[in-house]
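Before any comments, here is the structure.
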Amino acid sequence: MKMSFVCPGCSCLCDDIEIVDGKILHACRRGEEIFGKYKENRAKPMVKGKEVDVDSAIEEATEALKDSENIAIYGMDTTTVEAQQHGIELAEKLNAYIDDNSSFCLGEFVEAILRKELPTTTLEDVRDRAYVMVYWGANPFHSLSRHMSRYSYYPRGAKRPRGYEEDRFLVVVDVRRSETSKLAKKNAMFIQVSDDDELVDSFFKVVDGKAAKYAKEAGIILNGMKKSDLNVIFGGLGLKYGLKDLGKFVEMVKKLNEVAPVYFIPAGFHGNMRGFNETLFEKVGYVNKYSFRDGKSGGEFAFTELLKNEKIDTALIVGTDPVYSLPFEVSSKLGKIKTIVVDPRMSFTARIADVVIPSAVSGVEAGGTMVRSDGVRVKLEPLEEREVNDVYILNKIKEGL
Amino acid sequence: MMRFSKFLKVEADIVVARYALVMDETKSKTEPVIFLHPEFAKRSGVKESDVVEVEANGRVVKLKVKLSESAPESGGIIPNGIYASYLTNFDGFKKFKASIEVSEGEPTSVDGIIGQLKT
Amino acid sequence: MALNPMDIYKLLPKTNCKKCGEATCMSFAFKLLNRERRLEECIPLYEDKKYERQRKKLEEMLKPLEEATETGLIVDESLCTGCGNCVVVCPVHVEKDPKGAAVGKGITIDDPILRVEDGAVKVINMQACRRYGKNRVLCVVCRENCPTDAIRFLEG
Ligand code: SF4
Ligand code: SF4
Ligand code: SF4
Ligand code: SF4
């Protein structure tokens, strides 16, 4: 029996990774980095730049949290649902703010899905049944490398036995000629937009038979959609930042559904970002930027806003790297507050943190559950167990309070 | 040196995007690179593997030039990561305007940026 | 450089001696191009000193073809993200691996043409490629679905 692993590298959570004779099979380049290099650049337990033992680092973090008035817990998009639950409980206990990358990524799309405003489906159904598939503001070739070969355009599905050759219609919408747009050849269309809202508007008008800027394109797409019992829009960051108003997009999907079945799946990135959204949603009814003190979610509680407006004195950052990924005007504020980093790696943020607690790489050294971009839950079995993982650390801090 | 005298600061549209070929999952480094559209580079007198100064929002980084057809025709792509983050503001997080000019010397080091964060 | 059988024929002994097992030098030339015959099988070309200059020319001429026989398909790993498009679209894989590559999963057969290993595609078994051997066809499916030209073919 060959053993296969789940790759935690992105929200595709590919479950077919094999390791044979030291070779990592089927994982894309990002997945290979995770399985092949997980021993590199590991974090060391540190307090104020000095190396200590893990327990002292956890203790130091606990004390710092006890002493703080305004705390934000941030990240957890690459850890397991089980660890996320601990993180959320910890935030509750501390009366803290909690947020993750999804607040400037695809969180609002996931929220619309969980509130049942956007109809959704699974990637298996896409593979087996989808005809029209629209990648809107997403370039999966780089962000979700195996998305198209694993789940959407290329595989043969139960009701789509000829795959991309005849049984699919690919639409790519982007502001630039992305790699993915180059794959839109036969049975396909590339729409180079300068303003995404104009295309949204065109779909509205075409359903009503009116003239519009992209009437021709929208008309062809709509006719294709009518032929199938399942069509899908994959929305990426380009869509999120291209839209002035998410509400209008949601209305557009509803409008399309008057004439053809169209579903939405976020083409988001981090391995378990959707898991964070769902776990928080189950607990408090919101997907991100939540304040336990105020009992609600709001733009002002986004980690970036809290930092910018100097609303917090301590940040507990788990498995994400804001110095790497957030604008300088935001990340530069991290130097002014107390930062505690829980991460398997000596990340950029760890290099400026007051306390660093080294953890396990989820999916490689710690098992658990993650949620794929379409909401399907996937169980991860580790290659090897590492005792000090996110669950252990967050739980220990919680108990120490 | 002829090239420098001819060279002007040019305005460029920058897209920030994931770029699987230069990523680093171990979080130890990022490649200081900007992918310019070949046409844009030609118009602007920039060649592959030149070092350019990219300025946006009052901050400057030096990056090495690579050419890519998938870059926007009026500028380039900076891969997600510390260099892009350093230049952006929150309201132009994934797409912003920058000025580009050919420069000399080495690309900006990660430590140089991190150094500015520590207070 | 595109090779054609006429250019090859001109440099052969043109005696139709049949030692290679072909009826004519012309048909030997065709088979050389199709990679069904190797130049060494033309015995006079190697035994008779007077053909030496022609032989050397032919060897030079056929070199790209020889390399192509082994690795007709070239992968530039620095451009490959391991997206798997090429593995999943290959018609040979679709036929031989209906439960694996055909439905998008990592290929399950032991001797696939292509397989993603350590984050980039590797050529495992060129012989199974439709561009190889006797009934070869000019398949370009894998190359066409690679958005970065990480896959190329020696002869177009
Ligand atoms: S596509 Fe995502 S989940 Fe699949 S192997 Fe690549 S990084 Fe891992
Ligand atoms: S052995 Fe050489 S010379 Fe003789 S028929 Fe074949 S190709 Fe011609
Ligand atoms: S050329 Fe055709 S048969 Fe050969 S590997 Fe590519 S897709 Fe498969
Ligand atoms: S060669 Fe091209 S299509 Fe094949 S895995 Fe690499 S990038 Fe993808």
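Bear in mind that the values here come from a model prediction, so they are computed numbers and not experimental data. Letters A, B, ... mirror the listed sequences (proteins, then strands); counts begin at 1.
Rounding to the nearest 0.5 Å gives a distance of 10.5 Å between SG of C:Cys83 and CD of A:Glu179. Taken from CZ in C:Arg115 to NZ in A:Lys23, the straight-line distance is 6.5 Å, to the nearest 0.5 Å. Between the NZ atom of A:Lys186 and the CD atom of C:Glu144 there is a distance of 8.5 Å, given to the nearest 0.5 Å. Atom CD1 of C:Ile107 sits about 11.5 Å away from atom CG of A:Asp16, to the nearest 0.5 Å. Separating the OG atom in A:Ser149 from the NZ atom in C:Lys105 is a distance of 12.5 Å, to the nearest 0.5 Å.
If you measure heavy-atom distances from A:Arg146 to chain C, the contacts under 4.5 Å come from both the backbone and the side chain. At a 4.5 Å heavy-atom cutoff, A:Phe35 makes no contact with chain C through either its backbone or its side chain. For C:Cys80, the part lying near chain A is the backbone, with the side chain staying farther off; criterion is any non-hydrogen pair under 4.5 Å. At a 4.5 Å heavy-atom cutoff, the contact between A:Leu25 and chain C is made by backbone and side-chain atoms alike.
When each of A:Arg150, A:Lys185, A:Glu165 is checked for heavy-atom pairs under 4.5 Å with chain C, A:Arg150 comes out on top. When each of A:Glu32, A:Arg160, A:His142, A:Arg29 is scored by its heavy-atom pairs under 4.5 Å with chain C, the top score falls to A:Arg29. When C:Val87, C:Thr148, C:Val121, C:Val141 are compared by the number of non-hydrogen pairs under 4.5 Å with chain A, C:Thr148 comes out ahead. Between chain A and the residues C:Gly82, C:Gly119, C:Ala101, the largest count of heavy-atom pairs under 4.5 Å involves C:Gly119.
For A:Glu384, the CD atom counts as densely surrounded, since its 6.0 Å shell holds more than 12 non-hydrogen atoms of other residues, nucleotides or ligands. Around the NZ atom of C:Lys122, the shell of radius 6.0 Å holds more than 12 heavy atoms that belong to other residues, nucleotides or ligands. A:Glu381 CD: 12 or fewer foreign heavy atoms inside a 6.0 Å radius. Annotation: C:Phe30, atom CZ; neighbour count of heavy atoms from other residues, nucleotides and ligands within 6.0 Å does not exceed 12.
Residues C:Thr81 and A:Ser145 meet the side-chain proximity criterion, which asks for heavy atoms closer than 4.5 Å. With a 4.5 Å cut-off on side-chain heavy atoms, C:Asn85 and A:Leu183 count as touching. Using a 4.5 Å heavy-atom cutoff, the side chains of A:Ile24 and C:Glu117 are not in contact. In this structure the side chain of A:Tyr164 reaches within 4.5 angstrom of the side chain of C:Asn145, judged on heavy atoms.
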